[in-house]
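If you're wondering where the values come from, they're calculated on a predicted model, not measured in any experiment. Atom set for the values below is all heavy atoms of this structure, side chains included, hydrogens, waters and symmetry mates excluded. Atoms within each ligand, like the ligands themselves, are counted from 1 in listed order.
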Amino acid sequence: MKNSALYPGSFDPLTNGHLDILKRAVQMFEKVIITIAVNNRKESVFTGDEREHLIKEAIKEKEWRDKVEIEQFTGLLIDFARKKKVNVLLRGVRQISDFEYEFRMALTNRRLAPEIDTLFLMPDEQLTFISATVVKEVAFWGGDLSSFVPDNVAKALREKYTS
Ligand code: PNS
């Protein structure tokens with residue numbers, strides 16, 4: 001698919017940082033495929049379907065929503081990218097500390113699939129400290145999530161951690 005990119009991640013759950021990267025990505029590509037890693041080696045709080053639903057809800061009123069597809073995948077990301085015939089992977093880099101892991105992953109993916117490149121995007125600096133891990137910690141202890149995640153995600157987190 002020409003002028004398309006995959007935006008892969010766990011999205012467990014979607015944060016305002018992810019949304020900021022997505023908003024930048026749709027200005028650069030005609031189609032951005034949010035690619036949710038499921039049955040990953042990481043344990044997740046939300047199922048793949050829940051994560052997909054939360055993303056759909058969060059972007060449904062954005063004017064650029066038609067440029068976004070959402071898919072779940074298992075296995076190697078490059079296999080999924082090849083199946084979709086997309087050769088750009090987007091990753092958000094928030095801080096220098098992200099870079100080592102991201103660089104390793106990008107180069108591993110390149111070794112496995114030389115035709116696929118990783119493009120790093122930076123979120124707004126106000127959002128650089130936000131991570132899904134931090135958000136879950138705040139949710140666990142009942143903190144205010146309103147500046148970290150979209151409203152529907154905050155609601156879902158509250159339900160998860162109070163049920
Ligand atoms: O949001 P995350 O957890 O940082 O996303 C990491 C993800 C899902 C993009 C990465 O773990 C991944 O691509 N997993 C699938 C397996 C794979 O292809 N690994 C890359 C080789 S290191």
Side-chain angles (χ1 to χ4, degrees), residues 1 4-26 28-29 31-59 68-140 145 147-150 152-154 156-157 160-161:
M1 250 196 278
S4 297
L6 293 191
Y7 179 25
S10 303
F11 302 103
D12 183 45
L14 178 83
T15 67
N16 288 341
H18 292 130
L19 272 182
D20 185 84
I21 296 290
L22 191 57
K23 184 188 75 189
R24 290 166 202 281
V26 292
M28 301 167 67
F29 294 93
K31 177 84 42 192
V32 176
I33 306 172
I34 299 185
T35 315
I36 307 170
V38 290
N39 298 338
N40 211 9
R41 283 146 51 93
K42 266 191 191 173
E43 267 194 30
S44 62
V45 168
F46 293 97
T47 65
D49 287 346
E50 285 173 330
R51 286 179 265 163
E52 181 173 339
H53 181 72
L54 288 173
I55 298 171
K56 260 191 202 134
E57 275 288 304
I59 67 170
V68 177
E69 274 176 28
I70 309 171
E71 300 237 20
Q72 299 178 31
F73 83 105
T74 52
L76 281 179
L77 180 59
I78 50 118
D79 290 339
F80 185 80
R82 279 176 167 161
K83 195 173 99 189
K84 300 298 287 183
K85 299 192 174 11
V86 174
N87 58 10
V88 179
L89 307 175
L90 301 174
R91 291 287 289 171
V93 176
R94 296 160 296 188
Q95 297 153 356
I96 294 288
S97 54
D98 283 344
F99 196 70
E100 198 180 330
Y101 165 68
E102 292 298 335
F103 197 63
R104 210 175 329 123
M105 193 159 67
L107 290 180
T108 304
N109 283 333
R110 179 182 277 171
R111 176 67 61 87
L112 293 169
E115 78 282 12
I116 297 176
D117 259 311
T118 302
L119 192 63
F120 295 121
L121 295 176
M122 286 180 298
D124 185 296
E125 71 268 20
Q126 309 276 350
L127 303 171
T128 50
F129 64 94
I130 298 177
S131 71
T133 308
V134 159
V135 160
K136 284 179 279 197
E137 177 80 7
V138 175
F140 180 82
L145 292 163
S147 64
F148 297 92
V149 293
N152 67 312
V153 175
L157 278 164
K160 237 346 140 185
Y161 285 103

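Within the 4.0 Å heavy-atom criterion, both parts of S10, backbone and side chain, lie near ligand 1. When non-hydrogen atoms are compared, ligand 1 lies under 4.0 Å from neither the backbone nor the side chain of F80. Looking at L112 against ligand 1, nothing comes within 4.0 Å, counting heavy atoms.
Close approach of ligand 1 to Y101 is summarised as follows: ligand atoms under 4.0 Å from at least one heavy atom of the residue are 4 (O), 6 (C). Each of the atoms 13 (O), 17 (C), 18 (O) of ligand 1 lies under 4.0 Å from some heavy atom of L77. Close contacts between ligand 1 and G75 involve ligand atoms 15 (C), 16 (C) [criterion: under 4.0 Å to a heavy atom]. Heavy-atom contacts of N109 reach the following atoms of ligand 1: 20 (C), 21 (C) (cutoff under 4.0 Å). Counting atoms of ligand 1 from 1 in the listed order, those under 4.0 Å from a heavy atom of A37 are 8 (C).
Judged by distance alone, with hydrogens and angles left aside, the side-chain atoms of R91 form no donor-acceptor pair with the main-chain N or O of L121 at under 3.5 Å.
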Exercise. With side-chain contact (heavy atoms from CB on, under 4.5 Å) as the test, would you mind laying out the steps for F140 and K136 before giving the verdict?
Key: CA-CA 6 Å; F140 180 82; K136 284 179 279 197; over 6 Å; no

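Counting heavy atoms only, M105 comes closest to atom 10 (C) of ligand 1 of the residues E102, R111, M105.
D49 and Q72 are linked by a side-chain donor-acceptor pair at a separation below 3.5 angstrom, with hydrogens and angles left out of the test.
Checked against a 6.0 Å centroid threshold, the rings of F46 and F11 do not count as neighbours.
Each of L90, T118, V88, L77 was scored for a side chain to side chain contact (heavy atoms under 4.5 Å, CB included) with L6, with one residue passing: L77.
At least one N or O atom of R91 sits closer than 3.5 Å to an N or O atom of ligand 1.
Rounded to the nearest 0.5 Å, atoms CZ (F80) and CD1 (I78) are 13.0 Å apart.
Classification of D20 and R24 as a salt-bridged pair holds, one side-chain N sitting under 4.0 Å from a carboxylate O.
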